[in-house]
J.: 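Before I ask anything, let me first share the structure, which is written out below as structure tokens.
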Amino acid sequence: MHHTPPAPLAPRPRLPSPLQRIEDDRFGRHGVELSLKRDDLIHPDLPGNKYRKLALNLRKAADAGHDTLLTFGGAYSNHLRATAAAGRLLGLATVGVVRGDELAGRPLNPSLARCATDGMRLHFVDRSTYRSKAEPETLAALLRETGCRDAYVIPEGGSNALAVRGCTALGEELRGLTDVAAVACGTGGTLAGLAAGLGPDLRALGIPVLKGGFLGDDTAALQRLTFGEPTDNWRLDDRFHWGGYARTPPELIAFAEDFEHRHGPSTGLLVEHLYVAKLLYALTVLSEEGAFRPGTRLTAVITGTRDIPAPPPSGG
């Protein structure tokens with residue numbers, strides 16, 4: 001390990017991120033005011049919740065003198081891409097433990113290719129090993145296999161107590177400007193921090209992009225780890241995962257393209273398919289269902305942008 005702190009990020013993060021009010025009759029006719037919290041504009045290489053979740057972890061890694069970051073993700077992990085970019089920007093080595101040893105030796109998809117271009121060393125493991133990656137013995141073995149015993153380890157999706165604390169600023173930035181803030185969820189860290197930052201009088205809504213129904217327990221556990229106890233101002237609606245992570249059926253792609261056609265010219269928004277499209281679709285359905293009282297100021301947190309090809313449309 002060395003003790004030379006990394007250089008500051010360039011360009012500097014754009015904080016607080018912009019808040020854009022948009023006119024959309026699917027919300028307006030129900031008396032709902034929709035705004036977009038443009039976290040995708042925070043940093044060109046570390047957009048959205050990725051910057052918020054990584055910032056305090058990167059500071060801790062630097063303070064402790066680590067020169068290598070090791071983290072985990074699937075083949076289309078935005079978190080892997082962000083960690084690789086952070087390593088490039090800060091002069092840190094990065095290792096990505098990737099779920100699925102069947103991917104080893106195959107051509108890299110665009111997401112993993114971006115990681116490799118940014119200098120990340122990819123280490124593919126079988127799914128059984130990946131599931132047990134947080135267990136001390138498995139983690140120790142992975143650190144040995146990758147030659148990274150002194151690496152700073154960041155969990156899958158970047159979600160740990162430091163990440164949750166980093167995301168509280170998102171909620172704090174929205175105080176007084178919204179009644180309900182909604183975010184697409186993978187591991188629950190952004191929702192956990194968002195809800196805490198909003199404070200008890202405002203509501204947070206999480207839209208899981210994975211199926212399985214585990215996110216409520218995980219989000220509460222992250223809040224308990226970070227703050228001592230969960231807050232009671234958030235809820236999940238798990239109807240909108242479209243079959244699971246990286247599942248993007250044609251109907252969802254069509255919705256995303258329509259939303260972009262409606263609002264892209266005025267906002268510059270490129271609707272990311274794995275998270276943001278599912279969030280915006282969910283909010284549109286919920287508005288039509290009458291889930292938000294007339295007069296509600298609803299904010300959709302835009303956590304990423306469509307800057308790299310998504311997986312091909314898939315059914316189910």
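This structure is a prediction, so every number in the text was calculated from the model and none was measured.
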J.: Counting distance only, does the side-chain N/O of S132 pair as donor-acceptor with the main-chain N or O of T129 below 3.5 Å?
T.: yes
J.: Can the ring centroids of Y245 and Y275 be said to lie less than 6.0 angstrom from one another?
T.: yes
J.: Going hydrophobic residue to hydrophobic residue with side-chain gaps under 4.5 angstrom, can you get from F292 over to L279?
T.: yes
J.: Using the side chain to side chain donor-acceptor pair (under 3.5 Å) criterion, which residues pair with E260? Sequence neighbours excluded.
T.: R306
J.: Should we count CD of E137 as having more than 12 external heavy atoms under 6.0 Å?
T.: no
J.: Apply side-chain hydrogen bond (donor to acceptor under 3.5 Å, both in side chains) to the pair E156 and H79, showing each step before the final yes or no.
T.: CA-CA 8 Å; E156 181 179 34; H79 168 68; over 6 Å; no
J.: Can you check whether P110's main-chain N or O pairs, donor with acceptor, with Y76's side chain at less than 3.5 Å?
T.: no
J.: About how many Å separate CD1 of I22 and CG of L36, when rounded to the nearest 0.5 Å?
T.: 4.0 Å
J.: Which heavy atom in L215 sits nearest to a heavy atom in G188, and how many Å separate them?
T.: CD1-N, 3.7 Å
J.: If you look at every heavy atom in L202 and G176, which pair is closest and at what distance?
T.: CD1-N, 4.3 Å
J.: Check the pair R235 / L205 against side-chain contact (heavy atoms from CB on, under 4.5 Å), numbers first and verdict last.
T.: CA-CA 5 Å; R235 70 177 184 89; L205 171 64; 3.8 Å; yes
J.: To the nearest 0.5 Å, tell me how far R293 CZ sits from H30 NE2.
T.: 16.0 Å
J.: Considering the options L286, T296, L283, which one meets the side chain to side chain contact (heavy atoms under 4.5 Å, CB included) requirement together with F27?
T.: L283
J.: Within a strict 4.5 Å, meaning less than it, do heavy atoms of the Y281 and V271 side chains meet?
T.: no
J.: Should we count CD of E102 as having more than 12 external heavy atoms under 6.0 Å?
T.: yes
J.: Report the C-alpha separation of L15 and E173 in whole Å, then their side-chain angles, then the decisive distance to 0.1 Å, and conclude whether the side-chain contact (heavy atoms from CB on, under 4.5 Å) test is met.
T.: CA-CA 9 Å; L15 293 169; E173 290 172 21; 4.0 Å; yes
J.: Is there side-chain contact between R297 and D179, with at least one heavy-atom pair below 4.5 Å?
T.: yes
J.: Assess whether side-chain contact (heavy atoms from CB on, under 4.5 Å) is satisfied between L70 and F72, documenting all intermediate values.
T.: CA-CA 7 Å; L70 182 141; F72 308 86; 3.7 Å; yes
J.: So which atom in C185 and which in G206 form the shortest heavy-atom distance, rounded to 0.1 Å?
T.: SG-CA, 3.6 Å
J.: Is it the case that atom CZ in R239 sees more than 12 heavy atoms from other parts of the structure closer than 6.0 Å?
T.: yes
J.: Measuring only between side-chain heavy atoms, which start at C-beta, is P208 closer than 4.5 Å to H241?
T.: no
J.: Is there a donor-acceptor pair under 3.5 Å between the side chain of T168 and the backbone N or O of R165?
T.: yes
J.: Could you tell me which non-hydrogen atom of A204 sits nearest to which non-hydrogen atom of L198, and how far apart they are?
T.: CB-CD1, 3.8 Å
J.: Given S266 and E23, is the side-chain contact (heavy atoms from CB on, under 4.5 Å) satisfied, shown in steps?
T.: CA-CA 10 Å; S266 61; E23 300 292 336; over 6 Å; no
J.: Roughly how far apart are R99 CZ and R131 CZ, rounded to 0.5 Å?
T.: 10.0 Å
J.: Give a yes or no on whether D232 atom CG has more than 12 heavy-atom contacts from other residues, nucleotides or ligands under 6.0 Å away.
T.: no
J.: Any non-hydrogen side-chain atom of D24 less than 4.5 Å from a side-chain atom of R262?
T.: yes
J.: Are any non-hydrogen side-chain atoms of F259 and R26 less than 4.5 angstrom apart?
T.: yes
J.: Please report the C-alpha distance between T231 and N233 in whole Å, then the side-chain angles of each, then the deciding distance to 0.1 Å, and finally whether the side-chain hydrogen bond (donor to acceptor under 3.5 Å, both in side chains) criterion is met.
T.: CA-CA 6 Å; T231 65; N233 64 332; 2.7 Å; yes
J.: Y152: what forms a side chain to side chain donor-acceptor pair (under 3.5 Å) with it, not counting sequence neighbours?
T.: N57
J.: Hydrophobic cluster membership, with links at side-chain heavy-atom distances under 4.5 Å among I/L/V/M/F/W/Y: are I42 and L90 in one?
T.: yes
J.: Is there a donor-acceptor pair closer than 3.5 Å between any side-chain N or O of T303 and the backbone N or O of N49?
T.: no
J.: Can you tell me if T146 uses its side chain to pair, donor with acceptor, with the backbone of L143 under 3.5 Å?
T.: yes
J.: Has R175 got more than 12 heavy atoms of other residues, nucleotides or ligands less than 6.0 Å from its CZ?
T.: yes
J.: Calculate, to the nearest 0.5 Å, the distance between atoms CH2 and OG1 belonging to W234 and T219 respectively.
T.: 4.5 Å
J.: Answer whether the closest heavy-atom distance between the side chains of E145 and V97 falls below 4.5 Å.
T.: no
J.: Suppose the criterion is ring-ring contact (aromatic ring centres under 6.0 Å, His included): which pairs have a residue in residues 188-215, not counting sequence neighbours?
T.: none
J.: Under a 4.5 Å side-chain heavy-atom rule over Ile, Leu, Val, Met, Phe, Trp and Tyr, are V32 and I302 clustered together?
T.: yes
J.: How far apart are the closest heavy atoms of S35 and L19, and which atoms are they?
T.: CB-CD1, 3.9 Å
J.: Hey, could you give me the NE2/CG distance between H123 and D101, rounded to the nearest 0.5 Å?
T.: 10.0 Å
J.: How far does CG of D40 sit from CG of L270, to the nearest 0.5 angstrom?
T.: 8.5 Å
J.: Same hydrophobic cluster for V153 and L80, using side-chain heavy-atom links shorter than 4.5 Å among ILVMFWY?
T.: no
J.: A side-chain contact here means heavy atoms from C-beta on lying under 4.5 Å apart; do P16 and K37 qualify?
T.: yes
J.: Is the backbone N or O of G157 less than 3.5 Å from a side-chain atom of K53, with the two atoms forming a donor-acceptor pair by type?
T.: yes
J.: Using atom types as modelled and distance alone, determine if a side-chain donor or acceptor of R38 lies under 3.5 Å from a backbone N or O of T267.
T.: yes
J.: Could you check whether any side-chain N or O of H43 sits under 3.5 Å from a backbone N or O of P11, counting only pairs where one atom can act as donor and the other as acceptor?
T.: yes
J.: Under 3.5 Å, side chain of D25 to main-chain N/O of G28, donor-acceptor pair present?
T.: no
J.: Closest heavy-atom contact between L280 and A300?
T.: CD2-CB, 3.9 Å
J.: With the 4.5 Å side-chain cut-off for hydrophobic clustering, are L142 and V98 part of the same group?
T.: no
J.: Contact between L41 and S17 at the side-chain level, heavy atoms closer than 4.5 Å - yes or no?
T.: no
J.: Judged by atom type as modelled, is there a donor-acceptor pair below 3.5 Å linking the side chain of R114 to the main-chain atoms of A84?
T.: no
